[in-house]
Amino acid sequence: MSWSQIFHTSCLVLLVQLLCLEAVPISLDKTKVNQPEDKASEPPPSVDTGLHYDRYLREVIDFLEKDQHFREKLHNTDMEDIKMGKLAKELDFVSHHVRTQLDELKRQEVSRLRTLIKAKQDIEGGNDMAVDHQALLKQFEYLNHMNPHTFEVEDLDRLIKSATNDLENYDKERHEEFKKYEMTKDHERREHLKTLDDEGRKKEEEHYEEMKKKHADHPKVNHPGSQNQFKEVWEEADGLDPEDFDPKTFFKLHDSNGDGFFDEQELEALFTKELEKIYDPTNEEDDMVEMEEERLRMREHVMNEVDTNKDRLVSLEEFLIATKKKEFLEPDSWETLEQNQAYTDEEMREFEEHLTQQEEDLNQKASDLQKQRDELERQQEQLNSQKVELQQAVEHMERLKTQKVEPPPEVHEGNAIPEPRGEYHPLPPGHQDMSQNHPGMKQDNHLQNQIPHNTQDLSQPRLQDLPPGHQAVP
């Protein structure tokens with residue numbers, strides 16, 4: 001058995017082989033296809049597991065495959081020991097080169113998670129909030145976030161256990177999503193009927209019943225994994241005589257990667273012919289989401305019947321044993337989805353109550369947001385009013401500045417008294433200064449006596465300014 005085959009038998013590699021989300025291609029008629037020349041075998045491409053850490057998981061596996069010691073230990077370790085973490089302890093004996101690559105891989109993964117956390121925070125509008133990356137990284141249980149720099153035994157143990165648990169629950173989650181899809185579809189149909197009048201509602205109900213009847217009118221569906229089902233594939237897809245059906249040959253024809261196992265994708269491909277009897281993408285009555293759910297149901301049924309060691313792979317030995325059972329030779333009829341409603345009446349009632357509660361919560365949030373909006377608009381109006389008042393005040397001040405205002409008296413150097421405004425007129429001859437005799441002028445005379453001597457009495461004319469023959473009056 002090759003290393004690739006050994007690895008695929010283990011739980012660790014099962015994580016890479018499982019659950020492709022895309023539609024499975026129709027099987028080819030291998031008897032009519034020219035076989036290519038023998039070439040150096042290449043490992044099949046890894047299938048996306050659907051896990052959010054799928055790339056990290058596959059890269060860890062790729063690096064561990066390069067270590068000879070780890071490959072040997074894996075060959076001698078059964079699946080239960082792998083799940084219990086015994087294989088993870090062998091990481092201590094992996095070469096330094098591989099450990100260095102794993103360290104760098106973990107640092108990149110931690111960086112990726114931090115980037116995702118930051119992006120989520122930005123989307124939710126929490127740019128100003130402090131982020132506790134260590135607390136947020138706790139939700140990613142497949143690695144030890146307390147040590148973001150080196151890949152240790154605990155990291156491999158966490159990765160194996162997380163991937164195993166997540167993949168075991170993956171089918172269950174898909175069933176729950178489908179159930180929710182079906183209930184939502186039925187709920188929307190009922191709500192649409194409420195919007196119609198009696199005549200429109202009657203026509204819609206008749207159309208609905210007609211589509212259900214057309215969908216149920218299809219050829220008989222063989223029991224998945226039965227002799228009749230495989231013989232039909234043998235004849236229609238492989239182009240061989242059903243009388244010559246040989247289980248071993250059939251297995252090798254449909255083991256597309258030649259690793260000696262049917263993985264879940266290869267197994268689902270065998271049901272394509274059966275699904276084509278029920279679903280046609282061009283028909284209004286056929287829902288392709290329901291087709292994928294039917295494919296999942298068929299695959300789970302066969303796995304439960306044939307996969308005896310529960311490793312999510314069907315070996316050639318398990319397949320041959322199953323072909324000898326009564327269930328393979330004389331199977332019961334297979335009930336399709338239209339014969340098995342995905343949800344109960346109680347589940348539908350709870351679902352609609354949940355929708356009603358969600359609608360009430362959304363309405364309450366909308367009401368609160370409207371109140372906040374009204375308050376913001378009121379505050380905005382106040383701000384606008386204050387802005388107008390402020391603008392008016394500024395304009396008033398500008399008008400005052402532009403008005404012509406008389407400048408204040410000019411102050412000369414020292415204590416000089418400015419000259420009086422207007423022209424000077426000398427006293428006529430014979431007139432005296434009335435300030436000397438007027439009692440109310442005594443205070444002014446006293447102040448005049450205090451004027452410094454170097455300052456002229458500007459109230460008296462200068463001698464050089466008098467006309468000839470005139471004498472200044474004392």
Side-chain angles (χ1 to χ4, degrees), residues 1-24 43-54 56-58 60-62 64-65 74-75 77-88 142 156-178 224-225 230 251 254-272 292-323 325 327-328:
M1 182 179 292
S2 67
W3 157 243
S4 176
Q5 293 171 333
I6 297 171
F7 206 81
H8 291 324
T9 59
S10 69
C11 175
L12 191 58
V13 175
L14 294 180
L15 310 180
V16 187
Q17 291 281 338
L18 303 178
L19 301 177
C20 179
L21 295 180
E22 300 177 356
V24 180
S46 297
V47 177
D48 191 339
T49 61
L51 303 176
H52 68 88
Y53 51 93
D54 174 78
Y56 175 68
L57 172 65
R58 288 186 286 110
V60 168
I61 292 173
D62 291 341
L64 290 174
E65 280 185 317
L74 179 62
H75 178 73
T77 305
D78 60 32
M79 186 169 302
E80 290 303 319
D81 288 341
I82 292 175
K83 292 181 179 180
M84 292 175 62
K86 293 183 178 180
L87 181 64
Y142 62 93
L156 182 56
D157 185 46
R158 281 171 173 254
L159 185 60
I160 293 174
K161 291 180 179 179
S162 294
T164 302
N165 182 66
D166 291 345
L167 288 171
E168 287 177 350
N169 294 329
Y170 189 70
D171 286 349
K172 181 179 179 181
E173 292 175 359
R174 284 180 62 184
H175 285 307
E176 289 300 319
E177 289 177 2
F178 175 75
F230 288 156
F251 185 93
H254 295 276
D255 177 17
S256 58
N257 60 8
D259 64 353
F261 297 89
F262 275 164
D263 59 36
E264 295 184 345
Q265 186 184 22
E266 292 168 332
L267 199 57
E268 288 181 358
L270 300 177
F271 310 135
T272 300
E292 291 307 314
E293 174 68 10
E294 190 72 77
R295 189 192 303 274
L296 175 59
R297 292 178 66 238
M298 290 179 173
R299 188 255 295 164
E300 285 183 324
H301 172 76
V302 173
M303 279 293 187
N304 290 332
E305 295 291 328
V306 182
D307 180 23
T308 56
N309 63 357
K310 305 304 177 183
D311 62 356
R312 303 178 76 96
L313 293 172
V314 176
S315 66
L316 174 59
E317 180 181 1
E318 289 173 327
F319 182 77
L320 295 178
I321 292 175
T323 59
K325 295 181 179 179
E327 293 81 2
F328 178 78

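Nearest heavy-atom pair, Glu293 versus Arg174, reported as atom, atom and distance to 0.1 Å: OE1-O, 4.3 Å. Taking each heavy atom of Ser162 and Tyr142 in turn, the nearest pair found is OG-CA, 3.5 Å. Pairing each heavy atom of Pro224 with each of Met298, the nearest pair is CG-CG, 3.4 Å.
Remark: Phe251 engages Phe262, Phe319 in a ring-ring contact (aromatic ring centres under 6.0 Å, His included) (not counting sequence neighbours). Scanning for side-chain hydrogen bond (donor to acceptor under 3.5 Å, both in side chains) contacts around Asp307 gives an empty result, with sequence neighbours left out. Remark: Glu305 pairs with no residue by the salt bridge (charged side-chain N to carboxylate O under 4.0 Å, His left out) rule, at least two apart or across chains. Every residue was checked against the ring-ring contact (aromatic ring centres under 6.0 Å, His included) condition with His175, not counting sequence neighbours, and none meets it. For Ala322, the side chain to side chain contact (heavy atoms under 4.5 Å, CB included) partners at least two apart in sequence or on another chain are Val306. Every residue two or more places apart in sequence or in another chain that forms a side chain to side chain contact (heavy atoms under 4.5 Å, CB included) with Asn165 is listed here: Asn169.
Using a cut-off of 4.0 Å between Lys/Arg side-chain N and Asp/Glu carboxylate O, Arg297 and Glu294 are scored as salt-bridged. Here Glu292 pairs with Arg295 in a salt bridge; the nearest charged N to carboxylate O distance falls below 4.0 Å.
Within the 4.5 Å cutoff, the side chain of Leu156 has heavy atoms near those of the Leu64 side chain. Contact check for Leu296 versus Arg299: side-chain heavy atoms found under the 4.5 Å cut-off.
To the nearest 0.5 angstrom, Leu267 atom CG is 12.0 Å from Arg312 atom CZ. Separating the CG atom in Leu313 from the CD atom in Glu318 is a distance of 8.5 Å, to the nearest 0.5 Å. Separating the OG1 atom in Thr323 from the CD1 atom in Ile321 is a distance of 9.0 Å, to the nearest 0.5 Å. For the atom pair Ile61 CD1 and Ile160 CD1, the distance stands at 9.0 Å (nearest 0.5 Å).
Between the side chain of Tyr56 and the main chain of Leu159, no donor-acceptor pair closer than 3.5 Å is present. At least one donor-acceptor pair closer than 3.5 Å links the side chain of Glu266 to the backbone N or O of Ser256.
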Query raised in the report: Could you walk me through whether Val302 and Leu270 pass the side-chain contact (heavy atoms from CB on, under 4.5 Å) check?
Result: CA-CA 11 Å; Val302 173; Leu270 300 177; over 6 Å; no
